[in-house]
Protein chains: 2
Amino acid sequence: MTIEEIAKLAGVSTGTVDRVLHNRGRVSPVTRERVLAIIKEQNFKPNAFARNLKLNKEFRIGVLLPLLHSEYGYWNLIYQGIINAAKELSDLSVKIDVYEFDRQKGGSCFEAGRRMLKNPVDALILAPVCPDDAKLVLAAHPDIDCIFIDTSMPQPHRASSVTQNPYKAGYLAGRMMNLLSPNPGTYAVALTHRAAYNASERARGFKEFCARQEGMRTKTVELNFEGNWGKILEDLYVTTTDIQGVFVVNDSVHRVASHINLIGHRPKTTIIGFDLIVQNRKEMENGIIDCLISQRPEFQGYSAVYQLYRKGILNQQLEKETEIPIDIILPENLSSTESMDYIPRIRS
Amino acid sequence: MTIEEIAKLAGVSTGTVDRVLHNRGRVSPVTRERVLAIIKEQNFKPNAFARNLKLNKEFRIGVLLPLLHSEYGYWNLIYQGIINAAKELSDLSVKIDVYEFDRQKGGSCFEAGRRMLKNPVDALILAPVCPDDAKLVLAAHPDIDCIFIDTSMPQPHRASSVTQNPYKAGYLAGRMMNLLSPNPGTYAVALTHRAAYNASERARGFKEFCARQEGMRTKTVELNFEGNWGKILEDLYVTTTDIQGVFVVNDSVHRVASHINLIGHRPKTTIIGFDLIVQNRKEMENGIIDCLISQRPEFQGYSAVYQLYRKGILNQQLEKETEIPIDIILPENLSSTESMDYIPRIRS
DNA sequence: TCAATTTGCGTGCTCGTTAACACACTTCTA
DNA sequence: TAGAAGTGTGTTAACGAGCACGCAAATTGA
């Protein structure tokens with residue numbers, strides 16, 4: 001089926017069919033209806049190759065992420081997924097513009113959004129870790145599609161999200177903790193930085209699981225890596241003598257784990273944390289981390305790019321909300337998740 | 001960069017550049033080298049839209065799978081993944097032809113391959129559960145790319161694979177069994193049908209893990225669902241009084257689990273099996289199955305289609321071997337894997 | 001040596017869609 | 001009522017690559 005065949009069937013020219021297809025007016029209502037009926041009847045869809053050849057323009061996706069080299073590489077994994085998708089789609093005129101911001105500094109995200117205004121983009125991928133800034137960025141880029149990644153936020157109609165439920169993830173971590181270290185005692189919940197949404201929700205899920213179990217207590221500790229966090233950790237073992245395990249609510253678990261190992265408490269402490277960044281992989285291989293929960297950061301980035309591409313280039317629908325499965329990583333299945341988390345790669 | 005710009009730079013016509021690009025001869029060696037140098041220097045790649053518009057032909061992927069409605073739906077999950085990818089790619093002229101065969105009947109797979117010869121295909125997705133037949137099918141379809149799914153086999157150069165390591169999966173199942181049911185005793189390993197490759201490797205991995213643990217024994221039982229398998233299961237509990245858990249090496253675990261529940265042994269038996277087919281989801285929700293290992297069948301199918309599409313339409317490279325991660329599913333993360341296993345869907 | 005073939009290269013049409021343009025006809029507006 | 005503005009429709013030139021064809025010039029063969 002081509003536009004020309006549709007035109008013939010409707011007794012009009014291709015120009016008219018085109019005007020109907022793109023709602024460009026200048027068509028009488030009666031002709032319009034006739035053409036629409038035939039399009040529907042023949043289940044016509046414009047040829048994507050011809051369309052994009054004619055349009056002949058890049059599809060630019062703007063990406064706003066926290067500083068990639070901070071926070072032990074979690075954001076870098078997301079970035080890798082985005083880059084990989086972009087590489088696969090480079091033949092289909094998809095381009096990526098990445099803008100980094102400092103999530104600790106208010107306004108930094110907004111400022112990055114302003115930089116983006118200079119090279120206008122057709123769609124947006126946004127980690128709304130600073131919700132207020134994110135709202136402003138969205139306001140500054142009206143009418144383009146946006147996908148939230150890592151965290152969600154109240155969504156305008158044109159946005160959707162790719163996220164994991166952090167409460168469920170924490171709850172599952174509780175279950176794993178209980179499996180790996182079933183003796184009664186205390187589990188420490190280690191928070192870092194000020195509580196980000198994901199972090200606090202994970203802590204909440206974890207505690208809720210523990211609260212439902214007989215004889216399991218939890219104790220929250222705040223570890224500020226700019227401060228004397230080592231001391232706090234050591235004190236914890238002094239003040240609380242029945243520590244059975246430590247749950248770190250983010251990807252910095254490898255730092256906590258190696259310190260616990262250093263001060264000799266590793267043998268009696270089960271350690272659980274998040275995400276398959278290289279440092280965590282290494283510490284799990286070393287036997288210092290028992291279990292990791294993964295939120296598939298690379299897949300999140302990969303999936304976000306593909307969704308925007310399908311909407312922008314192929315005119316397909318956006319998923320409203322994509323829920324990322326909660327992966328359990330033990331030493332026994334670590335090797336099956338090597339390098340890219342689960343995305344087939346192309347060689348460059 | 002277009003062919004015309006390349007031509008201008010090389011001081012030749014587009015026809016000559018085209019002949020160089022497609023090795024169609026009729027170009028003097030010296031001109032050829034000059035053009036190639038410029039192509040490389042400019043990093044020129046032909047526009048995928050223009051190319052496919054001109055070629056204007058469907059890319060047909062032939063799919064050979066065991067009977068979809070047998071075996072409790074595992075193959076159906078693979079099928080769903082394939083269908084989903086095909087739906088997303090239908091705008092890019094990818095078409096799927098599915099041929100089913102009976103894996104229990106020798107020659108059935110080959111016969112399906114012969115049916116396929118009538119509507120020639122451009123690429124192949126093949127579950128080589130009958131390796132001899134698979135070899136013949138490949139021989140009958142020379143020169144086209146092929147991806148093995150579910151299981152691999154010795155590969156000709158033009159084939160690649162999307163599979164999970166079944167030994168590692170069984171080994172991990174052993175670990176989970178030991179976590180969920182740590183008391184010394186016997187674990188039953190339930191095989192069904194005659195040992196397929198994946199099944200026997202999973203059993204081997206599981207037993208190997210157990211052999212490395214103190215005080216854990218394993219006992220293999222063969223359950224033939226056409227025979228009196230219920231009786232065999234009941235006898236097992238009579239002859240072996242310390243059964244701690246049952247490991248079913250495939251997706252039929254829900255049948256075994258509900259029978260164990262029926263005969264009253266569920267409370268003291270940990271049950272582990274494979275794959276998120278609907279029946280297994282339900283029995284896990286009912287609390288009858290403790291743990292499932294998933295090999296992401298939907299992703300396998302999805303990924304196979306996408307890889308062939310990238311090779312066939314976009315001229316990108318095929319992955320040689322894609323290793324599927326080994327997923328651990330517990331009741332606590334079951335809901336995060338709902339419906340499609342991890343593939344974003346488009347509405348039809 | 002000259003006809004027949006081969007080699008090396010350029011030309012031009014085509015794929016389906018888009019969007020600018022042309023043009024006749026109608027409806028306003030002063 | 002003339003001119004302007006608006007409406008409904010058809011025509012056509014790209015977009016970039018592929019490929020058939022044409023045509024010299026070079027090479028072959030008897």
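Here is how names work: the chains are called A, B, and so on, in the same order as the sequence lines, proteins then strands, and each is numbered from 1. All values below come from the heavy atoms of this structure, side chains included, with hydrogens, waters and symmetry mates left out.
Applying the side-chain contact (heavy atoms from CB on, under 4.5 Å) criterion to B:Asp133, with sequence neighbours excluded, gives B:Cys109, B:Phe110, B:Cys130.
Atom OG1 of residue A:Thr16 and atom CZ of residue A:Arg32 lie 12.5 Å apart, to the nearest 0.5 angstrom. Here the CG-CG distance, from A:Leu126 to A:Asp150, works out to 10.5 Å after rounding to the nearest 0.5 Å. Distance check: A:Ile38 CD1 to A:Lys8 NZ gives 13.0 Å after rounding to the nearest 0.5 Å. How far CD of A:Glu5 is from CZ of A:Phe44: 9.0 Å, rounded to the nearest 0.5 Å.
D:dA17 atom C1' lies 15 Å from atom CE of B:Met1, rounded to whole Å. Between the P atom of C:dA19 and the CG atom of A:Asn23 lies a distance of 13 Å, rounded to the nearest Å. Note: CG (A:Asp18) to P (D:dA14) measures 18 Å, nearest angstrom. Following rounding to the nearest Å, B:Arg19 (CZ) and C:dG12 (C1') show an atom-to-atom distance of 13 Å. One atom, CD1 of A:Ile3, and another, P of C:dA19, lie 11 Å apart when rounded to the nearest Å. Straight-line distance from the CZ atom of B:Phe44 to the C1' atom of D:dG18: 12 Å, rounded to whole Å. A straight line from CD1 of A:Ile313 to P of C:dT17 spans 17 Å, rounded to a whole angstrom. The NZ-C1' distance, from B:Lys45 to D:dG16, rounds to 15 Å in whole Å.
Within a heavy-atom distance below 4.0 Å of DNA chain C, the residues of residues 49-59 of chain A found are A:Ala50, A:Arg51, A:Lys54, A:Leu55. Annotation: proximity of residues 25-39 of chain B to DNA chain D (heavy atom, distance under 4.0 Å) is found for no residue.
Contact check, B:His22 against D:dG18: a side-chain N or O comes under 4.0 Å of OP1 or OP2. The side chain of A:Thr16 places an N or O atom within less than 4.0 Å of a non-bridging phosphate oxygen (OP1 or OP2) of D:dG10.
B:Arg24 contributes no side-chain N or O that forms a donor-acceptor pair with the base of D:dG18 under 3.5 Å.
A donor-acceptor pair under 3.5 Å links the side-chain atoms of B:Ser160 to the main chain of B:Glu319, judged by distance alone. Checked by atom type and distance alone, the side chain of B:Glu58 never pairs as donor or acceptor with a backbone atom of B:Val94 at under 3.5 Å.
The pair A:Arg310-B:Asp91 fails the salt-bridge criterion, with no side-chain N (NZ, NE, NH1 or NH2) lying under 4.0 Å from an Asp/Glu carboxylate O.
Within 4.0 Å of A:Asn47, counting heavy atoms only, lie sugar-phosphate atoms of the nucleic acid but no base atom.
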Trace of the side chain to side chain donor-acceptor pair (under 3.5 Å) decision for A:Gln307 with A:Thr322: CA-CA 10 Å; A:Gln307 286 195 51; A:Thr322 304; 3.1 Å; yes

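Between C:dG10, C:dT18, D:dA17, one nucleotide has an atom nearer to the side chain of B:Thr2 than all others, and that is D:dA17.
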